[in-house]
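The figures that follow rest on heavy atoms only: side chains count, while hydrogens, waters and symmetry mates do not. Note that the structure is a prediction, hence the values are computed from the model and not measured.
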Amino acid sequence: MNVFGVDIGGSGIKGAPVDLERGALTEERHKVLTPQPATPDGVAGCVAEVVANFGWTGPVGVTFPGVVTGSTIRTAANVDKAWIGVDAGTLLGDRLGGLPVTVVNDADAAGIAEMTFGAGRGRKGTVILLTLGTGIGSAVFTDGRLVPNTELGHLELKGHDAETRASTKAKEDEDLSWEHWATRRLHKYLAHVEMLFSPELFIIGGGVSRKADKFLPLIEGIRAEIVPAELQNNAGIVGAAMAAHGA
């Protein structure tokens, strides 16, 4: 069965139909830049553009980079604050001509996909997926059960919001080397999360997961196993489609 998934990020909005039996995209994803400012109306227009590119007429799952309860947005760290309090399911459904829309936290969606089809498949105990990009998203699982909307990228680390120090965007904005970022920023963040949750496994997702060989071998002293996401930057799309199918 195919369902459409859309992943809203701080820098890009991408989507494609997903084969839910394989956890794979059935066509090459279509991506547009996230509008700046990333207002509800502007982002909704981009989501409609992505969906229309495929002529899709069925259910749509959409991720959002913030806390989502039901389909209402509660936080919006990396998009416009006008999103807070918006019923995103209704807004996006209207822009998509009445198509049924399910909205889910972006990292939760990626985590669901990785636990079903990727690096977390069959893993018990505590597993934490971290998506490194414009910010840091998190999905926490205990024996395969999701604890939703954890948003661990906003933990305080040495007086700073952690994602402002350890995200991929921080690496790029400060022109940090892979070694500096991995050993002084990402390592400290992982150590802090490990101290709080004692996971058996960290899964590192987001676009940077394609370059895992450049930084994961540099991280030492973490007791948990650390692996790159197998679905890489498509995990959010796959998880969004899974959420829409299960709604």
Side-chain angles (χ1 to χ4, degrees), residues 7-14 34 38 63-68 73-79 81 83 104-115 118-120 126-141 146-174 176 178 180-199 201-212 214-216 218-219 222 224-229 231-237 239-240:
D7 190 13
I8 297 173
S11 59
I13 298 170
K14 53 190 179 291
T34 302
T63 76
F64 186 84
V67 173
V68 182
I73 306 305
R74 300 301 183 191
T75 67
N78 294 305
V79 290
K81 296 297 187 288
W83 275 102
V104 63
N105 173 270
D106 58 348
D108 287 351
I112 290 167
E114 283 292 330
M115 293 297 288
T126 300
V127 177
I128 299 179
L129 173 131
L130 298 169
T131 57
L132 306 179
T134 304
I136 297 177
S138 63
V140 178
F141 296 84
L146 172 70
V147 181
N149 292 312
T150 48
E151 293 287 283
L152 300 182
H154 301 298
L155 289 171
E156 182 179 323
L157 188 61
K158 294 188 180 297
H160 299 276
D161 202 38
E163 70 177 20
T164 66
R165 303 281 293 169
S167 66
T168 306
K169 184 176 187 296
K171 176 189 180 301
E172 294 171 350
D173 287 351
E174 298 181 48
L176 303 176
W178 287 108
H180 184 105
W181 179 66
T183 61
R184 301 191 187 185
R185 299 293 185 84
L186 186 56
H187 175 271
K188 290 179 180 178
Y189 173 65
L190 292 174
H192 187 59
V193 175
E194 182 172 65
M195 180 269 295
L196 293 172
F197 294 94
S198 301
L201 175 67
F202 281 116
I203 302 172
I204 305 300
V208 76
S209 61
R210 295 191 301 269
K211 302 176 180 178
K214 294 183 178 293
F215 65 93
L216 286 189
L218 301 173
I219 298 174
I222 301 297
E225 183 182 358
I226 309 173
V227 300
L231 278 66
Q232 297 183 345
N233 214 20
N234 288 335
I237 297 174

So, do [X] and [Y] sit near enough that their side-chain heavy atoms are less than 4.5 Å apart?
{"X": "S198", "Y": "T126", "result": "no"}
{"X": "I219", "Y": "T183", "result": "no"}
{"X": "L218", "Y": "W181", "result": "no"}
{"X": "Y189", "Y": "L152", "result": "yes"}
{"X": "E156", "Y": "D161", "result": "no"}
{"X": "N233", "Y": "K14", "result": "yes"}
{"X": "I204", "Y": "L132", "result": "yes"}
{"X": "L201", "Y": "I128", "result": "no"}

What pair of heavy atoms forms the shortest contact from [X] to [Y], and how long is it?
{"X": "G111", "Y": "A139", "value": "CA-CB, 4.0 Å"}
{"X": "A76", "Y": "K81", "value": "O-NZ, 3.2 Å"}
{"X": "F202", "Y": "A224", "value": "CD1-CB, 3.9 Å"}
{"X": "L155", "Y": "H192", "value": "CD1-CD2, 4.1 Å"}
{"X": "S209", "Y": "A229", "value": "CB-N, 4.3 Å"}
{"X": "L176", "Y": "A170", "value": "CD1-O, 4.3 Å"}

Keeping the roles fixed (side chain from [X], backbone from [Y]), state whether a donor-acceptor pair exists under 3.5 Å.
{"X": "T131", "Y": "G206", "value": "no"}
{"X": "N105", "Y": "A107", "value": "yes"}
{"X": "N149", "Y": "V68", "value": "yes"}

For this session: Answer with yes or no whether the side chains of S138 and T150 bring together a donor and an acceptor at under 3.5 Å.
Result: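 Side-chain D/A pair, T150 to S138: present.
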For this session: Classify the side-chain pair T63/D7 by whether it contains a donor and acceptor separated by less than 3.5 Å.
Result: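 Side-chain D/A pair, T63 to D7: present.
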Exercise. Which is it for I112 and L146 under the side chain to side chain contact (heavy atoms under 4.5 Å, CB included) test, yes or no, and what are the steps along the way?
Worked result: CA-CA 8 Å; I112 290 167; L146 172 70; 4.2 Å; yes
Which value, rounded to the nearest 0.5 Å, describes the distance between [X] atom [atom1] and [Y] atom [atom2]?
{"X": "E151", "Y": "R74", "atom1": "CD", "atom2": "CZ", "value": "13.5 Å"}
{"X": "K171", "Y": "H180", "atom1": "NZ", "atom2": "NE2", "value": "10.5 Å"}
{"X": "I136", "Y": "R165", "atom1": "CD1", "atom2": "CZ", "value": "11.5 Å"}
{"X": "L190", "Y": "I226", "atom1": "CG", "atom2": "CD1", "value": "5.0 Å"}
{"X": "I222", "Y": "L216", "atom1": "CD1", "atom2": "CG", "value": "11.5 Å"}
{"X": "S167", "Y": "D173", "atom1": "OG", "atom2": "CG", "value": "7.5 Å"}

Exercise. In terms of the angle between their ring planes, are F215 and W178 parallel, tilted or perpendicular, with boundaries placed at 30° and 60°?
Worked result: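 The arrangement is parallel - the two ring planes meet at less than 30°.
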Exercise. Can a salt bridge be assigned to the pair R185 and E174 using a cut-off of 4.0 Å between side-chain N and carboxylate O?
Worked result: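 Yes.
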Exercise. Taking it one step at a time, do I73 and F64 satisfy side chain to side chain contact (heavy atoms under 4.5 Å, CB included)?
Worked result: CA-CA 8 Å; I73 306 305; F64 186 84; 3.3 Å; yes
